[in-house]
Every structure is written in C-alpha cells, then in structure tokens.
**Q** 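Got a structure here, written out as structure tokens. Questions coming.
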Amino acid sequence: MVSRGGEGTVNDGPKGYDASVRERLDQADWGKALLVAMKYARAQCWFYNDFLGFEVDADELVQEAIARAYGCGIGAGGKRTFRNWNLDEYPTLEKFLVGIIDSLISQRTVHKEKFPSGPIDETDETEAEAASASTGPDAHALLNAAQRRTPEQIALLSEKISVIREALDALAQEDEDAGMVVLAMEMGEAKPAEVAQSTGLEIKDVYNINKRIGRKLRSILHEIDSEYAKELVS
Amino acid sequence: MSHGLKQADIVFAKALFDVLGDSEGQSTDEIRASLQEDGVDVDSVMERLMRKVKECSQESRLLQLDVAKQRRLESEAGRTALSQRFNEIKRWTMDEVLERIRQLAAPDELNAAFSFRELRSRSEGDLRSLLEDLELAKWKASREK
C-alpha cells in the first residue's frame with residue numbers, strides 16, 4: 001500500500017516520499033491535467049467562497065497540489081508535506097491532482113471548522129487526508145458554514161439557489177433526460193458514473209447533459225453576480 | 001431551517017458546482033473554452049503553472065539528494081561509533097560486559113529471551129561476541145527507524 005501522505009521538516013526533506021512518483025510526474029502530460037485541476041479548483045472555490053463565505057484561492061490550491069505531488073509542499077508549521085501517487089486510487093494525473101485539491105479544500109474549510117485541533121490539523125497530514133478523502137465535508141457541516149453568514153448573505157444565497165432551480169426546472173421541462181440528471185443532483189449526486197447508474201442513462205449522455213447544465217449554470221451565476229454588483233453600486 | 005436555507009439546498013448547490021468543475025468526457029479545447037468563458041487568461045495561467053511544475057521537479061530532486069546525503073552521513077557516523085564501541089568492549093571487564101548485555105537485552109530494548117544466570121557460565125569470548133552482536137542489532141534497528 002502506497003502511503004497517502006506524510007511529512008518531514010524543511011531541513012530533512014519529506015521522509016516517506018516515493019522517488020519513483022517524481023519520475024512518473026516528470027513523464028506525465030501536464031497540459032490537460034492542469035486545465036482539469038484549474039477548472040475543478042475554480043468551481044470549488046466559487047462554491048466555498050461565494051456560497052459559504054470562505055476564502056480559498058484556486059490558483060494557490062493548484063500550485064500547492066503540484067508541490068505536494070512532487071514532495072515539496074509546505075504544511076502547517078513549515079513542515080514538508082507530500083502525497084504519494086497511488087495509481088489504484090488515482091489512475092490519471094488529473095484525478096490525482098483533483099484528489100489533492102479536495103484534501104486541501106477540506107483542510108482549509110469545513111473540516112477545519114469542525115475539528116479545529118482534531119484530525120484535520122495539518123500537523124498530521126496522513127490522518128487528515130485519510131479523513132477528508134473518506135468522508136468529505138458532510139451536508140450538515142456545509143449548512144452550518146452557510147448559516148454562519150450574515151442574514152443578507154443568506155437571503156442572497158437562497159435567492160441564487162432558487163433562481164438556479166427555476167432555470168434548471170425549465171431545462172428539465174425541455175428534456176426528460178436532463179430532468180433525470182437534475183433530479184439526481186437534487187439527491188447530491190454529481191459524479192457522472194453515479195448519475196448514469198441512478199438514471200439508467202449512458203455515461204456519454206450524462207457528460208453531454210452536464211455540459212449543458214454547466215453552461216446554463218455559468219451564465220446564470222454570471223448574470224446574478226452582475227445584477228448584484230449593479231445593486232451594490234446604485 | 002432558519003433564514004429559509006435548507007440542507008437540501010446546500011447539497012444541491014454543492015452537486016451543481018461539482019458538475020461545473022467536472023471535466024470528464026471533455027476535450028482539452030472544451031475545458032480551455034469553459035475557463036475562458038469565466039474570464040481566465042488560460043495561456044498566462046498555464047505558463048505560470050508549468051513553471052511551477054518545473055520548479056517543483058527540480059526542488060524535489062534537490063530534496064531527494066539532501067535526504068540521500070544525510071542518510072549516508074548518518075550511516076558513516078553510525079559505523080564509526082560502532083567500531084569505537086567494539087574497541088571499547090575489548091577493554092571492558094566481564095561485569096561491564098554483562099551489565100551492557102542486560103541493558104541491551106532488556107524486554108523494552110531488543111526483547112531477547114535468554115537466562116542471565118546462564119550467561120555467567122559462558123566463556124569470556126562468547127560474551128564479548130554476543131555483546132557485539134547485540135550492539136550491531138541495536139545499530140541496525142536504529143537505522144531502520
């Protein structure tokens with residue numbers, strides 16, 4: 001079993017880092033992997049910052065994911081942190097980077113609030129990553145984080161969700177398959193494989209519907225944000 | 001829930017953003033286009049990230065060399081210390097040899113199971129040789145930590 005993560009002091013380097021991972025990373029195709037990681041990090045930051053009020057930076061997350069993959073990340077207290085690339089768990093570089101980004105977001109947001117000195121303390125990276133990867137931030141923790149925002153922010157958040165729902169309902173009316181995918185999302189399913197399984201759709205159809213949902217969602221969010229910005233100015 | 005916000009709303013929103021950030025089944029051009037739609041200067045971001053990849057690769061190599069160098073130094077220092085200890089053992093009295101064997105073979109140390117009474121009946125050469133084996137085992141165990 002390849003270790004999930006670990007640490008060392010800045011001076012002695014990351015003990016436990018598998019040097020063969022570096023060779024594999026050097027030979028990997030970073031072009032698509034970085035685009036995938038950046039797109040994923042931006043969407044997650046959009047949610048965590050805009051909806052929940054955290055301050056996480058997509059660019060910084062991707063850079064730290066690269067550093068941890070190479071065994072030269074810096075964790076709490078200046079300790080070296082790393083993630084060894086387990087191919088069984090992450091068959092591609094894209095998935096590996098997204099996995100690291102998930103852990104980082106988890107550590108810096110909801111889990112950090114939930115366990116201020118517990119398993120998400122970065123001084124024990126291995127335990128923290130195992131915890132965050134196995135459970136992820138649960139819905140209750142996310143709701144608690146959202147409800148700590150000001151009443152005005154919560155009202156705006158409710159309004160945004162309601163506008164998004166209306167738009168996606170309209171999409172569902174036009175297309176029955178899209179309706180099934182939206183319903184799966186209502187149940188919290190986001191992974192195309194999960195959605196395909198629960199809806200009985202072909203995975204390539206789920207990909208195509210997701211693209212349409214993504215385009216729709218992106219335009220709604222930009223519209224809401226620009227209207228909100230106008231209101232703030234006026 | 002207070003303020004009209006429900007857990008189901010957050011679960012739905014999280015799933016939506018997961019879909020928004022998902023690239024499965026998309027080509028490089030499609031991913032690039034969606035980032036550009038969000039106002040990202042993709043070329044500049046990619047240039048910065050590729051530079052980070054290169055820097056991390058180099059830093060990782062240097063760290064690995066440092067780790068190897070430190071291990072080599074520790075190993076050399078350990079060998080020297082062990083050799084000095086063997087020379088000392090040659091000069092020790094039998095009581096000193098037995099005392100050190102007791103220390104090293106205590107359950108908390110190396111968990112060796114043998115009777116101390118029987119030790120006294122062994123020859124001096126056997127005991128010194130046994131102690132050297134124990135010192136060597138201790139040194140090897142400390143290197144593996």
Side-chain angles (χ1 to χ4, degrees), chain A residues 12-15 17 19 22 25-26 30-32 34-36 38-44 46-47 51 59 62-63 66-67 69-72 80 94 139-140 142-143 146-147 151 154-155 157-158 161 164-165 185-192 203-204 206-208 210-211 213-215 217-218, chain B residues 1-35 37-40 42 44-71 74 145:
Chain A
D12 70 7
K15 281 181 183 162
Y17 180 70
R22 189 186 55 238
L25 288 169
D26 280 347
W30 282 88
K32 187 174 181 186
L34 290 176
L35 287 171
V36 168
M38 181 47 82
K39 185 179 169 188
Y40 182 78
R42 283 182 59 82
Q44 293 299 314
W46 205 343
F47 173 71
F51 277 41
D59 198 67
V62 178
Q63 296 216 26
I66 296 167
Y70 268 111
C72 44
R80 288 281 176 194
E94 290 96 289
H140 187 66
L142 292 175
L143 181 65
Q147 287 182 331
I154 292 171
L157 180 54
S158 295
I161 293 173
I164 291 167
R165 272 213 166 93
M185 288 165 129
E186 290 274 8
M187 310 298 287
E189 288 172 3
K191 292 195 172 107
I203 197 150
K204 64 177 173 45
V206 176
Y207 290 151
N208 287 330
N210 277 354
K211 282 181 208 170
I213 290 175
R215 276 196 297 271
L217 183 61
R218 193 171 278 110
Chain B
M1 289 290 165
S2 61
H3 310 292
L5 197 60
K6 299 182 186 69
Q7 191 160 302
D9 293 333
I10 294 296
V11 168
F12 179 56
K14 177 75 171 72
L16 281 174
F17 279 92
D18 284 348
V19 167
L20 197 65
D22 187 53
S23 304
E24 275 192 61
Q26 293 188 2
S27 68
T28 305
D29 287 344
E30 284 174 316
I31 304 167
R32 185 176 270 271
S34 67
L35 283 167
E37 271 177 48
D38 287 340
V40 177
V42 179
S44 143
V45 167
M46 286 299 282
E47 194 186 325
R48 193 167 60 244
L49 293 177
M50 287 304 284
R51 198 165 51 237
K52 177 77 180 176
V53 170
K54 202 173 267 183
E55 283 168 9
C56 285
S57 174
Q58 285 167 354
E59 191 181 347
S60 177
R61 273 171 209 285
L62 290 175
L63 281 171
Q64 208 64 36
L65 288 174
D66 283 349
V67 170
K69 187 179 169 189
Q70 195 173 340
R71 282 194 186 138
E74 281 169 7
K145 273 181 192 169

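Values in this document were obtained by computation on a predicted structure and should not be read as measured data. Numbered from 1 within each chain, the chains take letters A, B, ... in sequence-line order.
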**Q** Considering only heavy atoms, which portion of A:Glu189 lies under 4.5 Å from any heavy atom of chain B: side chain, backbone, both, or neither?
**A** backbone

**Q** For A:Gln63, is it the side chain, the backbone, both, or neither that has a heavy atom closer than 4.5 Å to a heavy atom of chain B?
**A**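 Contact with chain B is through both the backbone and side chain of A:Gln63.
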
**Q** Measuring heavy-atom distances to chain B, does A:Arg42 have an atom under 4.5 Å in its side chain, in its backbone, in both, or in neither?
**A**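 Contact with chain B: side chain only.
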
**Q** Can you tell me how the ring of A:Phe47 sits relative to the ring of B:Phe17, calling it parallel under 30°, perpendicular over 60° and tilted otherwise?
**A** tilted

**Q** Who wins among B:Glu37, B:Glu59, B:Glu24 for the most heavy-atom pairs under 4.5 Å with chain A?
**A**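 The answer is B:Glu24.
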
**Q** Does any heavy atom of chain A fall under 4.5 Å from the side chain of B:Arg61, the backbone, both, or neither of them?
**A** both

**Q** Minimum heavy-atom separation for A:Pro192 and A:Asn210, please, with both atom names.
**A**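 Here A:Pro192 and A:Asn210 meet closest at CG-ND2, 4.0 Å.
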
**Q** Under 4.5 Å from any heavy atom of chain A, what part of B:Leu49 do you find: side chain, backbone, both or neither?
**A** both

**Q** When heavy-atom pairs shorter than 4.5 Å are enumerated against chain B, which of A:Ile164, A:Ile203, A:Leu34 gives the highest number?
**A** A:Leu34

**Q** Any idea which heavy atoms bring B:Leu20 and A:Gly214 closest together, and the distance?
**A**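 Of all heavy-atom pairs spanning B:Leu20 and A:Gly214, the closest is CD1-O, 3.4 Å.
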
**Q** Are any side-chain N or O atoms of B:Glu30 and backbone N or O atoms of B:Ser27, one a donor and one an acceptor, separated by less than 3.5 Å?
**A** yes

**Q** For residues B:Ser23 and A:Lys39, report the shortest heavy-atom separation together with the two atoms involved.
**A** OG-CD, 3.4 Å

**Q** Counting only N and O atoms by type, is there a donor-acceptor contact under 3.5 Å from the side chain of A:Trp30 to the main-chain atoms of A:Leu25?
**A**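 Looks like yes, one N/O pair under 3.5 Å.
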
**Q** Minimum heavy-atom separation for B:Ile31 and A:Lys32, please, with both atom names.
**A**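 In this case the closest contact between B:Ile31 and A:Lys32 is CD1-CE, 3.7 Å.
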
**Q** Would you mind telling me which of A:Arg165, A:Lys191, A:Met187 has the largest number of heavy-atom pairs within less than 4.5 Å of chain B?
**A**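 Greatest number of close heavy-atom pairs with chain B: A:Arg165.
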
**Q** What residue, out of B:Val11, B:Leu16, B:Thr28, has the most heavy-atom pairs lying under 4.5 Å from chain A?
**A**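 Ranked by contacts with chain A, first place is B:Leu16.
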
